[in-house]
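Numbered from 1 within each chain, the chains take letters A, B, ... in sequence-line order.
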Amino acid sequence: MRLSRSLIPTLKETPAEATIASHRLMLRAGMVRQEAAGIYAWLPIGLRVLSHVARIVRAEQDRAGAQEILMPTIQPADLWRESGRYDDYGLEMLRIRDRHERDLLYGPTNEEMVTDLFRNAVRSYRQLPQSVYHIQWKFRDEVRPRFGVMRGREFLMKDAYSFDLDYAGAVVSYRRMMLAYMRTFQRLGLRAIPMVADTGPIGGDLSHEFIVLAPTGESEVFYDAAFEAIDWTGDDYDLFSSEQLEQFYTRMTGIYAATEDKHDAQAWARVAPASQRQGRGIEVGHIFYFGEKYSRPMGLTVAGPDGAPLVPHMGSYGIGVSRLVGALIEAHHDEAGIKWPDSVAPFRAAILNLKQGDATTDAIAERLYSALAPDALYDDREERAGVKFADADLLGHPWQIIVGPRGAANGMVEVKRRLTGERVELSLEDALTRVCA
RNA sequence: CGGGGCGUAGCUCAGCCUGGUAGAGCAUUGCGUUUGGGACGCAAGGGCCGAAGGUUCAAAUCCUUUCGCCCCGACCA
């Protein structure tokens with residue numbers, strides 16, 4: 001993309017409404033614009049990041065055997081009357097009436113609809129287990145939206161649903177999804193820690209929140225440093241071996257981690273002092289096992305081996321995709337701007353032509369751009385060097401290739417790593433090799 | 001939903017108390033000088049002062065109503 005003709009409205013000053021780092025930086029970097037309380041338009045830079053996050057989420061869901069579908073944002077109220085949630089959900093649900101006076105709603109989640117899909121399409125126990133997911137916009141009419149996309153009313157969520165024949169099967173699905181989540185967050189460049197969450201009326205211990213560590217997070221967390229040492233993306237655990245999933249789960253839940261309200265001083269005391277870590281975190285995912293809560297009232301059954309109907313056990317698994325964009329910034333920024341992890345950066349590199357209109361720098365910048373496009377943002381504006389440096393740091397591309405008149409005369413450019421601030425002068429070819437490595 | 005605050009130029013804000021021709025900085029456009037970390041000078045464009053009623057000779061300013069947004073708290077991917 002050429003910056004001179006892009007919708008990337010960076011701001012030098014912070015808009016008054018933004019108080020936390022990610023909100024401030026998303027507005028300053030021109031990633032989003034607010035349209036109403038908790039409702040945002042995503043501009044090119046923001047959308048690229050959102051897509052990259054979704055891509056990783058999708059890849060790990062696919063790898064865990066979940067099937068991608070796409071359910072609508074608008075749902076018929078009757079479905080929710082079947083589960084009883086049409087009345088229970090309260091004012092957070094946005095209710096709509098169409099021209100025929102039919103009651104509709106903008107979906108805050110999809111348990112009812114996915115249960116409906118399965119009851120209409122799945123007949124036999126031999127078709128289970130299965131799980132599906134979609135990445136779709138949700139609407140929850142929050143009393144107080146805030147913190148930009150971290151708590152919007154409209155947000156992009158990945159929600160997955162598992163269908164198993166019995167509790168034992170559901171447990172395996174649950175653990176598989178937990179492993180998929182650990183891999184997802186690690187690939188995104190985040191340190192996420194699962195913490196036991198309230199299960200509500202279902203009971204049991206099968207509900208976890210995933211807390212991403214970020215200095216500006218909302219809740220205080222305590223955890224064992226052992227979490228930091230584990231590489232979940234490796235092949236240590238087979239997603240399709242229930243034994244290995246059990247090992248994974250045992251290991252994971254054997255390490256101490258708790259949010260402030262569930263903090264257990266006695267258990268904490270047993271963690272070696274050198275391994276005690278305290279920080280702040282943001283909830284970016286939540287997984288539940290809820291058994292027959294929807295399948296039974298909505299009449300989802302499959303024929304069992306003996307012909308008798310079986311009621312599948314379900315689970316649901318959410319990741320706040322748009323919230324993750326905010327969480328990523330909370331975890332990766334400095335005074336100058338965002339420091340994107342390579343895996344989600346809007347562009348791999350920015351090309352800074354410090355003297356636009358100069359034949360030599362123009363030629364070099366164009367060559368770099370054609371070699372790196374479409375994964376590079378070419379700052380071809382007629383701006384002073386300082387403006388380009390500041391915007392590049394703000395937008396947070398992992399790499400900056402600085403083309404200035406001094407080096408250009410000798411065929412040299414400067415490569416800056418945003419993460420470390422390290423800069424080296426290199427030939428064109430070496431610069432490309434370095435950035436593409 | 002309780003408590004607090006704010007709506008004036010694209011952004012940050014002053015002006016309001018004490019009514020009298022709508023302002024500054026940044027941004028934008030043009031010209032000139034500059035040119036490796038958010039330059040300087042000159043000039044220009046840009047506003048139904050959130051909206052509607054009212055008081056007044058006169059309202060951004062006072063009164064009433066209303067809409068929107070933000071912050072703190074209780075609740076949530």
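Of the possible polar contacts, none joining the A:R418 side chain to the A:L395 backbone as a donor-acceptor pair under 3.5 Å is found. Without hydrogens or angle criteria, A:Y378 side chain to A:A373 main chain gives no donor-acceptor distance under 3.5 Å. A donor-acceptor distance shorter than 3.5 angstrom exists from the side chain of A:T420 to the backbone of A:E422, with no hydrogens or angles considered.
Judged by atom type and distance alone, A:E13 does not reach the base of B:G10 through any side-chain donor-acceptor pair under 3.5 Å.
Across all strands shown, B:C31 pairs with B:G41; the Watson-Crick or G-U wobble distances both stay below 3.5 Å. The partner of B:G53 is B:C63, by the rule that a Watson-Crick or G-U pair needs both atom distances under 3.5 Å. Pairing for B:C26 is with B:G10, a Watson-Crick or G-U wobble pair whose two hydrogen-bonding atom distances lie under 3.5 Å. Nucleotide B:C69 is matched to B:G5 when pairs are restricted to Watson-Crick or G-U wobble geometry with both distances under 3.5 angstrom.
Rounded to whole angstrom, the span from the NZ atom of A:K388 across to the C1' atom of B:A39 amounts to 15 Å. A:E383 places its CD atom 9 Å from the C1' atom of B:G38, with the value rounded to the nearest Å. For the pair A:L11 CG and B:C26 P, the computed distance is 17 Å after rounding to whole Å. Between the NZ atom of A:K12 and the P atom of B:G10 there is a distance of 18 Å, rounded to whole Å. Spacing between atom CD1 of A:I364 and atom P of B:G36 amounts to 17 Å, rounded to whole angstrom units. Remark: P of B:C26 and CZ of A:R28 are 17 Å apart, rounded to the nearest angstrom. Computed from coordinates, the A:Q356 CD to B:U34 C1' distance equals 17 Å when rounded to whole Å.
When the P atom is used for both B:G20 and B:C63, the distance is 15 Å, rounded to whole Å. B:A39 and B:C76: their P atoms are spaced 48 Å apart (whole Å). Taking atom P on both B:G2 and B:C49, the two are 32 Å apart, rounded to the nearest angstrom. Using P as the reference atom, B:C16 and B:C72 are 29 Å apart when rounded to the nearest Å. B:G37 and B:U28 have their C1' atoms separated by 23 Å, given to the nearest Å. B:G38 sits 15 Å from B:C26 when the P atoms are compared, rounded to a whole Å. Going from the P atom of B:G36 to that of B:C62 covers 50 Å, rounded to whole Å. Using atom P as the reference point in both B:A24 and B:A44, the two lie 12 Å apart (nearest Å).
Close to B:G36, at under 4.0 Å from its OP1 or OP2, lies no side-chain N or O of A:R406.
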> What does nucleotides 66-77 of chain B look like as a protein-contact string, B for base, S for sugar-phosphate only, - for none, at under 4.0 angstrom between heavy atoms?
Replying inline: ---SSBBBBBBB
Hey, can you pull the donor-acceptor pairs under 3.5 Å for the side chains in residues 10-19 of chain A, sequence neighbours left out?
{"from": "A:T10", "atom 1": "OG1", "to": "A:D391", "atom 2": "OD1", "distance (Å)": "3.3"}
{"from": "A:T10", "atom 1": "OG1", "to": "A:D391", "atom 2": "OD2", "distance (Å)": "3.3"}

May I have the list of side-chain donor-acceptor pairs in residues 314-322 of chain A shorter than 3.5 Å, sequence neighbours left out?
{"from": "A:S316", "atom 1": "OG", "to": "A:E111", "atom 2": "OE2", "distance (Å)": "3.2"}
{"from": "A:Y317", "atom 1": "OH", "to": "A:S162", "atom 2": "OG", "distance (Å)": "2.7"}
{"from": "A:S322", "atom 1": "OG", "to": "A:L156", "atom 2": "N", "distance (Å)": "2.8"}

N/O donor-acceptor pairs under 3.5 Å from side chains in residues 427-437 of chain A, not counting sequence neighbours:
{"from": "A:S427", "atom 1": "OG", "to": "A:D430", "atom 2": "N", "distance (Å)": "3.2"}
{"from": "A:S427", "atom 1": "OG", "to": "A:D430", "atom 2": "OD2", "distance (Å)": "3.4"}
{"from": "A:E429", "atom 1": "OE2", "to": "A:R367", "atom 2": "NH2", "distance (Å)": "3.4"}
{"from": "A:T433", "atom 1": "OG1", "to": "A:E429", "atom 2": "O", "distance (Å)": "2.8"}

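Qualifying side chain to side chain donor-acceptor pair (under 3.5 Å) partners for A:K416, counting only residues two or more places apart in sequence or in other chains: A:D393. The side chain to side chain donor-acceptor pair (under 3.5 Å) check on A:D141 picks up A:R153, with sequence neighbours excluded.
Within the nucleic acid shown, A:P9 has no heavy atom closer than 4.0 Å to any nucleic acid atom. When heavy atoms are screened at a 4.0 angstrom cut-off, A:T109 is found touching no nucleic acid atom at all. A:D159 comes within 4.0 angstrom of nothing in the nucleic acid, heavy atoms only.
In the set B:G36, B:U35, B:G38, B:G36 carries the atom at the smallest distance from any side-chain atom of A:R423. For A:A385, taking side-chain heavy atoms from C-beta onward, the closest of the listed nucleotides B:G38, B:G36, B:C11 is B:G36.
Aromatic pair A:W232/A:F185: ring centres not closer than 6.0 Å.
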